[in-house]
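Some notes on the structure that comes next.
Residue numbers begin at 1 in each chain, while the letters A, B, ... track the order of the sequences.
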Amino acid sequence: MATSWADSVAASEKVETQFSSEQAYQPRLARPTYVPPHLRSRPPSSGSPAPPSAATPAANDRGSYGGPPAGARSAGGFRPDVGRSGYVAAGGWNGRSGGWDRGRDREVNPFPDTDGTEQGLIEQENAVINFDAYEDIPVEATGDNVPPPANTFAEIDLGDALNLNIQRCKYVRPTPIQRHAIPISLAGRDLMACAQTGSGKTAAFCFPIISGIMYGQYVQRPRGRTAYPLALILSPTRELSIQIHEEARKFSYQTGVKVVVAYGGAPINQQLRELERGVDILVATPGRLVDMLERARVSLQMIKYLALDEADRMLDMGFEPQIRKIVEQMGMPTRGLRQTMLFSATFPKEIQRLASDFLSNYIYLTVGRVGSSTDLIVQRVEYVNESDKRSHLMDLLHAQRENGVHGKHALTLVFVETKRGADSLENWLYANGFPATSIHGDRSQQERELALRSFKSGRTPILVATDVAARGLDIPHVAHVVNFDLPNDIDDYVHRIGRTGRAGKTGLATAFFNENNSSLARPLAELMQEANQEVPVWLPRYASRSHGGGRNRRSGGSRFGGRDFRRESSFNRGTDYYGGGYNSTGHGISAGYGAYGVYGAGVTSAWE
DNA sequence: AAAAAAG
């Protein structure tokens, strides 16, 4: 099954016809009896009926992957190597061939090839993390009986299958967020976690979920057309859901835990068929999930784990009613009966308050400074009038080209405020000879995925984007983020610039500022100051021109991305809220400055 | 006010 719709859209018609008749009669290879998830990847002990389409190669592997011969399946089991050479020939190192082989119940190896070809080397380069940059990271955990952090994956011991996948991902040590969040999750605790962009949040919530599903005992799920996932991961954009699904598939490879993705803009039938074949972890955007819930094709009754990625966005004005409906009105077990984990790089107090409705006796965890890998990102602010923005951007791009930074692996991400603005800037850049594409909510899903892929691969090294691309997307080699139009919210700025400076690499963020952005002047100046960035002398002068600037100020203190709102509420008394490293039960693990070990060069870890 | 998310 293709991970992304655009990957398979060309082949989808073929698949539709091929399976439409099958759908009603043999929708899945049913498990007649309960099989523990960690045993599910074993070859079938008795001869299950051969799928009628076994002779047809996977139609969604972008043509050049012919797949193994039909007979390969009957050999049973999973073969990590199968399809590798075809994978490379397919050419896209970012285009995953996708999950489970339709009709064969055989799991396709989701790991990139690293056999010395160009693509392999790129992946290897990506995997090298600069860990030195993350040593002096402040950590704060508050709540009852906070489990202590773990220093190594071995210490965490997620089981053989998961450990193998950690190795395949070339993760050697857990990142700071993982060291703290994973033990908390494994202890069954609810969690609200605030960690730098690009610091490995996806793995932090995926590992405990997968492990929990593998080793947990669950009653057999009902058969039929309704899918009963055990875990639900929600994210605010389709592309982010696709990305989380891709990551989760790597982590769950050969564990027997099945991950399915559901998002809008793509044909729903294909996604429904995947669900029918069985799902343990469902990754979804809210709209499509609600659609499926209303069709009764998905039930949340068996949900044991709920994770909200970019949780503050999920609970902001636009999203909150929809999320509340999913979590509170669609049959999901109530808080306390499920485990809930909220992750984001930013967590405003008022959102924390909303979020606490979904949590039970949770631990609040903050790792890192002001919600960003700030030390790795050089931030610049330039005063540019609206009418000068285009020519100014062109100057920047020309300069990059002359400095040799404008290559296949030096990508530039340009953020604009509106969808129309994105279209028009893309066209203008293109007309002026710059290889640009764009992504925004008015483009078709096919176009969106195509644009992202074209950008990632370096074919169009300039991507003009609205905030649809501001959060969570992990795009290697983004060397420069340009805020052509600044956002109104400083948290959005944090997420945007977080598209660069990832995995320990350095990045540059340039913002075009003018009087229209006055409301951002103060929080931006403060943020830059905290990050040891050079603040232009003229920038704070605009702060006085904005009214109610306090509303946009960062919620946290200087060292942290945010604070546990419970510690500042009225029920808190005493004076040592900011005592640094104190938590309510005295099981202190917080404010560890470089206390968690030293990393050698070239050491890698799980990154977002 | 805009963007995102169902069709």
Side-chain angles (χ1 to χ4, degrees), chain A residues 4-5 232-245 261-272 275 282-298 308-327 329-330 344 346 348 351 386 413-426 438-449 451-452 463-473 483-496 499 512 514-520 546-548 551-552:
Chain A
S4 75
W5 178 44
L232 176 63
I233 300 172
L234 291 174
S235 96
T237 67
R238 297 163 181 175
E239 287 74 17
L240 186 52
S241 280
I242 293 168
Q243 177 181 301
I244 294 168
H245 174 243
V261 68
Y263 57 94
I268 196 170
N269 285 336
Q270 218 167 313
Q271 295 172 3
L272 289 174
L275 285 170
L282 177 58
V283 183
T285 48
R288 177 55 60 92
L289 176 63
V290 168
D291 189 355
M292 290 174 163
L293 288 167
E294 285 170 350
R295 297 181 190 214
R297 299 300 297 269
V298 173
L308 301 192
D309 200 10
E310 308 296 340
D312 59 331
R313 167 60 82 232
M314 303 299 282
L315 292 170
D316 79 4
M317 272 194 349
F319 265 125
E320 196 248 352
Q322 213 170 5
I323 302 303
R324 202 171 276 283
K325 177 177 182 177
I326 291 169
V327 176
Q329 293 159 29
M330 302 297 294
S344 183
T346 53
I351 303 289
E386 289 297 330
L413 181 51
V414 183
F415 282 105
V416 297
E417 197 58 19
T418 66
K419 294 177 277 199
R420 273 190 56 193
D423 278 336
S424 101
L425 183 58
E426 179 205 351
S438 72
I439 184 168
H440 61 71
D442 274 353
R443 302 200 75 190
S444 73
Q445 190 53 28
Q446 217 177 331
E447 291 170 328
R448 285 165 58 160
E449 291 178 31
L452 197 53
L463 180 66
V464 183
T466 60
D467 269 332
V468 69
R471 284 171 171 260
L473 295 186
N483 274 291
F484 188 88
D485 302 319
L486 272 163
N488 293 316
D489 186 331
I490 189 66
D491 285 345
D492 291 335
Y493 173 84
V494 168
H495 285 275
R496 285 181 177 186
R499 294 320 99 210
F512 295 175
N514 60 42
E515 54 277 345
N516 295 335
N517 311 114
S518 295
S519 71
L520 203 65
S546 84
H547 327 289
R551 255 190 44 204
N552 276 336

Side-chain donor/acceptor contact of A:N488 with base of B:dA1 under 3.5 Å: yes
Spacing of [X] atom [atom1] relative to [N] atom [atom2], expressed in whole Å:
X	N	atom1	atom2	result
A:Q322	B:dA4	CD	P	14 Å
A:D467	B:dA5	CG	P	12 Å
A:L240	B:dA3	CG	P	19 Å
A:D485	B:dA1	CG	C1'	13 Å
A:I326	B:dA4	CD1	P	18 Å
A:L473	B:dA4	CG	C1'	13 Å
A:D442	B:dA5	CG	P	10 Å
A:E239	B:dA5	CD	C1'	11 Å

Give a yes/no on whether any side-chain N or O of [X] is located under 4.0 angstrom from OP1 or OP2 of [N].
X	N	result
A:T466	B:dA4	yes
A:R238	B:dA5	yes
A:R448	B:dA5	yes

Using a heavy-atom cut-off of under 4.0 Å over every strand shown, decide if A:G441 touches base, sugar-phosphate, or nothing. sugar-phosphate
How would you list all residue pairs meeting salt bridge (charged side-chain N to carboxylate O under 4.0 Å, His left out) that involve residues 233-242 of chain A, not counting sequence neighbours?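 Residue pairs passing salt bridge (charged side-chain N to carboxylate O under 4.0 Å, His left out), neighbours aside: A:E239-A:R448.
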Provide the closest heavy-atom pair for A:S235 versus A:P286 in the form atom of the first, atom of the second, distance. O-CD, 3.5 Å
Going by the rule salt bridge (Lys or Arg N to Asp or Glu O under 4.0 Å), which residues pair with A:D423 if we only count those two or more places apart in sequence or in a different chain? none
Any donor-acceptor N/O pair, A:R499 side chain to A:H495 backbone, under 3.5 Å: yes
Would you say CZ of A:R420 has more than 12 non-hydrogen atoms from neighbouring residues, nucleotides or ligands within 6.0 angstrom?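 Counting other residues, nucleotides and ligands, CZ of A:R420 stays at 12 neighbours or fewer.
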So which nucleotide from B:dA5, B:dA3, B:dA1 ends up closest to the side chain of A:T237? B:dA5
